[in-house]
Structures are given as structure tokens and as C-alpha cells.
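One structure is given here, and the rest of the page talks about it.
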4 protein chains.
Amino acid sequence: MPISKKTTTKTPADGRRRELLATAAEVFAAQGYNATTVRRIADEAGILAGSLYYHFDSKESMLDEILSAFLDELWAGYDAVLAAGLGPRETIEALVTESFREIDRHRAAVAIYQKESRHLVDQPRFAYLAASQRKFEKAWLGTLERGVADGAFRADLDVRLAYRFVRDTVWVAASWYRPGGAHSPEEIARQYLSMVLDGIAVRPQEP
Amino acid sequence: MPISKKTTTKTPADGRRRELLATAAEVFAAQGYNATTVRRIADEAGILAGSLYYHFDSKESMLDEILSAFLDELWAGYDAVLAAGLGPRETIEALVTESFREIDRHRAAVAIYQKESRHLVDQPRFAYLAASQRKFEKAWLGTLERGVADGAFRADLDVRLAYRFVRDTVWVAASWYRPGGAHSPEEIARQYLSMVLDGIAVRPQEP
Amino acid sequence: MPISKKTTTKTPADGRRRELLATAAEVFAAQGYNATTVRRIADEAGILAGSLYYHFDSKESMLDEILSAFLDELWAGYDAVLAAGLGPRETIEALVTESFREIDRHRAAVAIYQKESRHLVDQPRFAYLAASQRKFEKAWLGTLERGVADGAFRADLDVRLAYRFVRDTVWVAASWYRPGGAHSPEEIARQYLSMVLDGIAVRPQEP
Amino acid sequence: MPISKKTTTKTPADGRRRELLATAAEVFAAQGYNATTVRRIADEAGILAGSLYYHFDSKESMLDEILSAFLDELWAGYDAVLAAGLGPRETIEALVTESFREIDRHRAAVAIYQKESRHLVDQPRFAYLAASQRKFEKAWLGTLERGVADGAFRADLDVRLAYRFVRDTVWVAASWYRPGGAHSPEEIARQYLSMVLDGIAVRPQEP
DNA sequence: CATGAATGAGTGTTCATTCAT
DNA sequence: AATGAATGAACACTCATTCAT
């Protein structure tokens, strides 16, 4: 059950759409949605601006499709993790790892989401963004609280602050992450988790 | 010696400028620079769009003035910290605290900086943003390396990753921080530092 | 000899053309020629927009064919009436009746004619509209003048005004007439003629 | 109490608006609303297309203002007639005369109304057109029925048909009427009334 | 200082039309 | 006969900017 109500109709000639969406996502991510002209996307795709409208209703509907496809995939991964019945620490580890995998696969969509979701949320068309945010918060906050309760996480945490801390820490990575770099998503996740869970300072010496 | 070369001329009618800049900053932060119309700023200020051009050369020059004023103040604070000769951990603590104070004082400017700096950097007019970023990176990265060298920070850190981690962690806060809330900037800084330095997981029991 | 020079080629696949033209006429009448998109016609016909161009050269040529077919039929009827050698009053009666029959049979075409002919007249392609109008005026005006001369119609008439009066009165009916309604075209013609010829006021009493 | 809810704000600098509206009305009437480009109106006014948007929200709002101003004036005249307590025949005479005066004063608006009102009625913004039509029908139909009841009009009339007959007969005149021609509106009204009330045929001889 | 009116370049979008398949 | 994809010109509209008053 996808977070967005879109029925991703998989018609045979669907390939062109996907190509064009990938192009659009790349440009949106690089220049921002508003600053991106439909002509720029068309140029990048090697067609004329008007021709995009054979495939899409509007510039906005391209954005919509990009974001909802991303969120659908993200939640497929998250839901699997949340259904696995792991402990709080292991859940956090799995969610962070899954997030970096999504960043790896949908870098452009993630960057767009970061930059644009705040003002899109208010538009009825993008109501699913708000729904996703609520679900997201519930998953992370719940896991953190569970961890504090069972002693996995520090009891002196401001859990809401910790939630924002972890959330931002992970997703902002999309702004500098480049797929195919030195580190795999799993490796980056491991290092992030190491910092988030154990801090960057050395532990007081154990005798 | 300010990071931006602007000569902050203090003409008598300077108060109006400052008011208008504050208004513009608020709108830029809320809607994004590109999505903000000059008319919207003028509406908010109670004048007509054309009248803004008595005070400013262009919409871009408003943005310029907002960002350079912010960076000048930021670096006044940072430079004082860096000149104080503190140890690495104390330097990090002081920089983070100073950063949250800036967020508190220049929330709008910080938010604008976060959202817009990436594509502004390329324009000659905003070259000082790149200069600031380099200086910023040097300060933080240097401190982290110093800390690893003298045993204050974990030796197994990927220092560049840790830099991004700390940097993002701090500044993204501008996107949700609201001045006058429950926590003072210093209190938020303390909690952030606690998480960054010591992690959110409980430490292994010492006997 | 038809008023329009079109050679109505009767190819075997002519049935499809006629269907498509009927569809187009209906949409043109309902939404106006300019406001009608070729896509809308194609939708209504259950094919794609481009496919219409297998059957027709252009949107304009559909309009052309619709109007000229209508005018050819109209003049077949009118010419028969005019050739019958009736008196002026009987001629008017026959023309009005014939007109309502045309409205009944070609409602869409008549409505299109009413709405669009004024600005089409200037285009060379639609020169036959002007020819038809001249012939039309000559027939009606001549009959009215004949009637005034032989005492069938009132001598104090401004004949040009009376011509416009009768002409408009008849054709505007196409804008509200719906075939298959309560009244047959002949019945409506009878009532119209009663009003046009004898007025709606009661006659002064004859002793 | 105007038929349209518009508050015709009479600001001092309102003159330019009125000029531009008159220009727009003329072009709308000549070419049809849809076929008229905003550029054409601007050309006619000697400014650039974009400049029109300083004065008006949209092309549609120009149309709206033209139609509602016309209807407000029309109903001012009609309401005065209907309130005068005249007999049915005198009421019809006064309404027809008033109508031709409106055609004389607002020729363009009347022509636009004739051509466009049918499809505008459905849009919420133009709901007042439907209201006007209902009020119009009530006034004319009521008067005709009253006239039939008290013996002023023929008892054998199909009143609805007579209503359409008179209505169309009057307003279609806007399509050929040119102000400043040979006949004054009152003169045309007189002749129309003569035909509508007494018919164009000679009356049977009274002995 | 501010307004009222305009400019001109650009934006998203529409649509009749074309054409290889 | 019809489709899928594209073209290219035009369209309504936006907006930063200018300038005489």
C-alpha cells in the first residue's frame, strides 16, 4: 500500500516517460524546481518544450511523479525494516542503512525532496508528503523512545531533538553524496552510525 | 576585515534600509529567493514594488547585502573563538555554541544561506561565499584533525565525513529552529554537543 | 449547380468521413469553431488527433465541408421554392418553412454558420459564404419588395429593416431549437409566420 | 442593487481602465473573445501585452468587467420601466425601446454578450449572467402573459415562442447595428415594434 | 520617498499539424 | 486506418526593472 495514491501504470511504452522523469529530476535537483524551466528539461532531453506535454500534464505533475515514486520505494524499504521486529538499536541501524541506499538510488529525488517539500506540503496535490512525514516521525521517534525505555539509548536525551538530529544528519547527506564515489552507501551508513551512536569524542579510558 | 568587501555605509536614512532588508530576508527565507517576487517584499513593507528601487539596485543586491551582513557577523564570532587558543574539543564546543547563537540572531539569513548558497557560489558577485566556505572548512577540519592527533577525538574517524556530519548537523537546525522557543541557543548547543561528542547510545558499562 | 464548388466525391470509405464530419459539426456547434480542439473531435470519434489527418487536410477543411454541404442543401430547397412562381406572401411562407426544415436537419451546421460566418466571409476559401449571402438577400429582399408593390405587405415598411427582421427571426431559432422536441419544424414555421405576418397584438375589432 | 456583485470602484485614475476596457470590448466584439489575443488589445491600445496586467488581473476579468458594467446599466433601465406600472403593450414598447438604446450605447458589449454568454454561463465567475437571464425571461414572459390575459395580445400565441421571437428579434440587431447611422435607436425601436405588434402583412380590409 | 504606468524578456502551456511505423 | 511522438508557433501571464511625476 503505497504512501502516494498514484497507480503507477506500467504501460509498455512507459520507458520514455521514465527517461524524461530521470532527466527532469536531475535538473530539478541541480537548479531547484522553481528555477528550472520546462525548456531546460526539454533541451536536456533533446526535444522541444511543448513535446514534454505529450507525456506529462504539467511541470508540477513531473515533480509529483518523481517524489511519489521515490516515497513509494522508500516506504517499501522502511516498512520491511519496521516489520522485522528488531530491537531499537538494530532498527535505527537498519533504517539509516536503508536511507543511505535510497540516497544512492534516488539521489536527485532525495535532493528535490529536501529542498522543496517544505512549501509543497501545503498544496492538496502533495498532501501525501505530509502523510509521509508523519509516518516517518512516528517510526523514528517511536524507535528512539523504545530505545530509551529499554536502556539501549541514553536516558538524558531530548528525544525530539535527537530525532531531528538523526533525521537531518542522514538526509542532508544527499546534498553532497555522489553515487559511484569511494564509499558504498553501506559503508557511509556504518560510519554515520558509529558517530551518531557512539560520538566523535574518545571514550573515557577503561582500566 | 570582513569576509565580504562591502563597505557598510551608515547614511542617516539607513534605518529604512535595515527594515526593508529584514522584511526581504524573512520573505526570502519563507519562500525561497527565486520564488519571492519583489512585489511580495514591497507588499510586506507597505510600499509599491517600484519604490524598492530607490533603496536597492536590484533584488539580487538585497540578497547580497543580507548574506554578507550575516557572514560578517558570523566570522567576527568565529575569528574570536579561533584566536582564543583553546584545545580542539573546547574549540568545537565554542564554534557550535557560536553557530547556534548566529542561528538565533540571523535565522532568516541562515535559512537563505542554506537554501541558496549552492547555486550562488558560481556567480562572481557572490565569490565571497566560496571564500567563506573554504575558511569554514579549514577551521573545522583543522580542529578535528588536531583533535584526532592529540587524542581528543576518535582515531578511527573519517575526518572529512565527520566534518560534514558536524557541519550539517548544526546548520540544518536553522530549518526548524524558532527563536523564543523553549530552549536557548546555548541549551540546544549543549545537547547537540552531547550527542555529537558522546553519541546517543549508552556507553558500555565500566566495572 | 451548388453554391459551393466542392466536388462531393463519393469514395467507398466515404461513410467514415460523414461520421467524422457529423461529430465535428456537433462539437463545433457546441463549443465554437475556435474553441474546439482537433483532439476533442478525435476523442469524441474514439481515435487519436493525428488520425483525423488521414481523412481531412485540416481542421478548417472540416468546417468548410460542413458549411458547404449545408449550403448546397439549403439552396436546393430555396431554388425549388423560388422557381415555383408563387406570390410574395406564399413565397415568404415557403422560404420560412423550408428554413425551419433545414434547421431541423442541419441544426449543428446552422448554428456554426450563425456563429462563424461573419469572420469567415473574408477568407478566400469561404468566398462562397458571401455569394450565398448575396443570393439570400436578393431572394428575400426581392420577395418583400414584390409584396409591397402588389399590396400583400404593408407599404410603410422599411424593407431592409423588415428583411433583417425576418432573416434573424428565423435563423436565430437554431440557437435554441432541439430536434425531436414538441413542435415539428412545420408547426414552428406556422407560428413564426403568424407572428411575422400578423403581429402579436390583437387586431383592432372589425364591426 | 446591481445584477452583478461588482463594486465598481471609481478611483480617480480610473480613466485609463475605462479606455482600455472600451478598446478590449471593441476587439472582443469584432473577433470573438477566444479569438482575441491579449496582444491584439494591447496593440490597439498602443502598449505592450504585459502592460495590460497592471490594470487587469486577466483577459477574463476584462470580459467580466465589460459584461457586468453593461448588465448593470441595462437593468437600471429595465427596472425603471418595470416599476412604472404600465400596461403590457406599453411595457413591451418601453422595454424594446430601452433595449435599442442599450444597443446604441453598448454595442460592443451587447455583441459580446450575444456571442459568448452561452458558454460563459456555466463558469461560476459568470453566474450573474444566468441570474440576469432568469430575470429577463421573467420580465418579458410575465408581460406577454399579462397581455394575453387582458386581451392586449393574441390569445392563440405560444407565449414561450413569442418570447423567444421578440427577444431574439431585438438583440440580434446588435450584430448589424452601427451607432451614428441613419436611424436613431428610438426610430428603429418604433419600426421593430410596428412589425412585432402588427405584423408585416397588410391587415384584412375593414369595410 | 513614493507612485503609477509601462517595458521586455521569459514562463508554462496549448494546439494544429506532421510523419515514421 | 490509426498510433505515438514530436514540432513550432502562438498564447496568457509574470516579473524585475525603469522612469517621469
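Lettering of chains follows the sequences in order, A, B, ..., and the numbering in each one begins at 1.
D:N34 CG to C:Y33 OH: the interatomic distance, rounded to the nearest 0.5 Å, is 13.5 Å. Note: B:M62 CE to B:I41 CD1 = 5.0 Å, rounded to the nearest 0.5 Å.
Looking at the side chain of A:Y54, the nearest of the listed nucleotides E:dG4, E:dA2, F:dA6 is F:dA6. Listed candidates were F:dA6, F:dC13, F:dG8. Nearest to the side chain of A:R16 is F:dA6. The side chain of D:S58 sits closest to F:dC13 out of E:dG12, F:dC13, E:dA6. Taking only side-chain atoms of A:H55, from C-beta outward, the nucleotide of F:dA5, F:dA12, E:dT17 with the closest atom is F:dA5.
For B:F56 and F:dT18, the CZ to C1' distance is 18 Å, given to the nearest whole Å. Distance B:L52 CG to E:dA2 P: 9 Å, rounded to the nearest Å. Atoms CG (B:L48) and C1' (E:dA6) sit 14 Å apart, rounded to a whole Å. A straight line from CZ of D:R17 to C1' of E:dA6 spans 16 Å, rounded to a whole angstrom. In this structure, the CG atom of B:L63 is 13 Å from the P atom of F:dA16, given to the nearest Å. The nearest whole Å value for the distance from the CD1 atom in C:I47 to the P atom in F:dA2 is 6 Å. Atom OH in C:Y53 sits about 15 Å away from atom C1' in F:dA5, given to the nearest Å.
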- What's the verdict on side-chain contact (heavy atoms from CB on, under 4.5 Å) for D:F56 and D:L20, showing C-alpha distance, side-chain angles and the deciding distance? CA-CA 10 Å; D:F56 305 99; D:L20 293 171; 3.8 Å; yes
- Query: Given A:L129 and A:Y113, is the side-chain contact (heavy atoms from CB on, under 4.5 Å) satisfied, shown in steps?
  - Reply: CA-CA 9 Å; A:L129 292 179; A:Y113 183 88; 3.6 Å; yes
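Of the two residues contacting DNA chain E, namely B:S51 and C:E60, the nearest-nucleotide position lying further toward the 5' end is that of B:S51. Residues B:L20 and A:D57 each lie close to DNA chain E; by heavy-atom proximity, the contact nearer the 5' end of the strand is made by B:L20.
Taking the charged nitrogens against the carboxylate oxygens, C:R107 and C:E26 do have a contact shorter than 4.0 Å, which makes a salt bridge.
The stretch residues 27-43 of chain A touches DNA chain E through A:T36, A:T37, A:V38, A:R39, each having a heavy atom under 4.0 angstrom from the strand.
Listed by first then second residue, pairs satisfying side chain to side chain donor-acceptor pair (under 3.5 Å) with a partner in residues 38-51 of chain B read B:R40-B:E44, not counting sequence neighbours.
When both distances must be under 3.5 Å, the Watson-Crick or G-U wobble mate of E:dT21 is F:dA2.
Put simply, the side chain of D:K115 gets close to the backbone of D:A29: a donor and an acceptor are under 3.5 Å apart.
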